[in-house]
Amino acid sequence: MKLPILLGALLLSASPAVADDFVYLECETKSVDTTKDLKSNQITKREEATETTHHKVDLENSRTASAKKPEWEEVKIVDGVAVLDEEFTENGFNIKMKASWQIVPPGRITGDGSSSNDAISETFKLRGMCKA
């Protein structure tokens with residue numbers, strides 16, 4: 001499922017070590033991904049993961065990049081906080097994502113997502129902290 005990848009890419013985190021108009025971040029996160037079979041109403045998969053990621057934030061141009069995904073991604077950054085609130089359909093799945101993370105000053109990152117079709121439902125939760 002693409003939901004954790006999409007959410008992770010869009011949640012390029014928070015904490016400022018400023019140099020050359022960029023903020024450099026190290027974020028430690030924990031995520032939980034749960035998949036449920038809607039026909040049997042049973043959870044078919046539950047995965048927990050912890051991860052440390054490194055990011056570069058361009059505050060002036062509202063964009064981020066990470067060590068894993070070095071291409072720039074546009075994000076909405078207001079008063080040092082990046083916010084994501086999206087709903088879309090992709091490959092037959094209805095996807096909803098909400099996230100926020102404190103970039104300046106460094107701080108908390110949170111993200112919640114869900115995706116579903118007629119057969120399965122997947123939820124994704126991400127929590128963590130970022131530092132310079």
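All figures in this text were calculated on a predicted structure; none of them were measured in a lab.
- To the nearest 0.5 Å, the span separating OG1 on Thr29 from CE on Met129 amounts to 12.5 Å.
- Of the residues listed (Glu48, Glu51, Arg127), the one engaging Lys30 in a side-chain contact (heavy atoms from CB on, under 4.5 Å) is Glu48, and it is the only one.
- Residues Val83 make up the rest of the hydrophobic cluster containing Val81, defined by ILVMFWY side-chain heavy atoms closer than 4.5 Å, directly or through other members.
- Val32 and Ile120 fall into different hydrophobic clusters, where Ile, Leu, Val, Met, Phe, Trp and Tyr are joined by side-chain heavy atoms under 4.5 Å apart, directly or via other members.
- Here the NE2 atom belonging to His55 is positioned 11.5 Å from the CD atom belonging to Glu73, to the nearest 0.5 angstrom.
- Between the side chain of Arg108 and the main chain of Gly128, no donor-acceptor pair closer than 3.5 Å is present.
- Atoms OG1 and NZ, on Thr110 and Lys98 in that order, are 11.0 Å from each other to the nearest 0.5 Å.
- Other residues, nucleotides and ligands contribute more than 12 heavy atoms inside 6.0 Å of the CG atom of Asp85.
- In terms of heavy atoms, Ala67 sits closest to Pro70 at O-CD, 4.2 Å.
- With a 4.5 Å cut-off on side-chain heavy atoms, Thr50 and Glu28 do not count as touching.
- In this structure, CE in Met97 is found 11.5 Å from CG in Asp112, a value given to the nearest 0.5 Å.
- Residue-environment remark: CZ (Arg46) stays at or below the threshold of 12 foreign heavy atoms within 6.0 Å.
- Of all heavy-atom pairs between Thr35 and Glu122, the closest is OG1-OE2, 3.6 Å.
- Applying the ring-ring contact (aromatic ring centres under 6.0 Å, His included) test to every pair with at least one member in residues 62-84, sequence neighbours left out, gives these pairs: Phe22-Trp72.
- The two atoms that bring Ser116 and Ser121 nearest to each other are CB-CA, 4.1 Å, heavy atoms only.
- The CD1 atom of Ile103 sits 4.0 Å away from atom CD1 of Ile77, with the distance rounded to the nearest 0.5 Å.
- The stretch residues 53-62 participates, sequence neighbours left out, in these salt bridge (charged side-chain N to carboxylate O under 4.0 Å, His left out) pairs: Asp58-Arg63.
- Leu84 and Phe88 fall within the same hydrophobic cluster, where Ile, Leu, Val, Met, Phe, Trp and Tyr residues are linked whenever their side-chain heavy atoms come under 4.5 Å apart, directly or through other members.
- Atom NZ of Lys96 sits about 11.5 Å away from atom OG of Ser115, to the nearest 0.5 Å.
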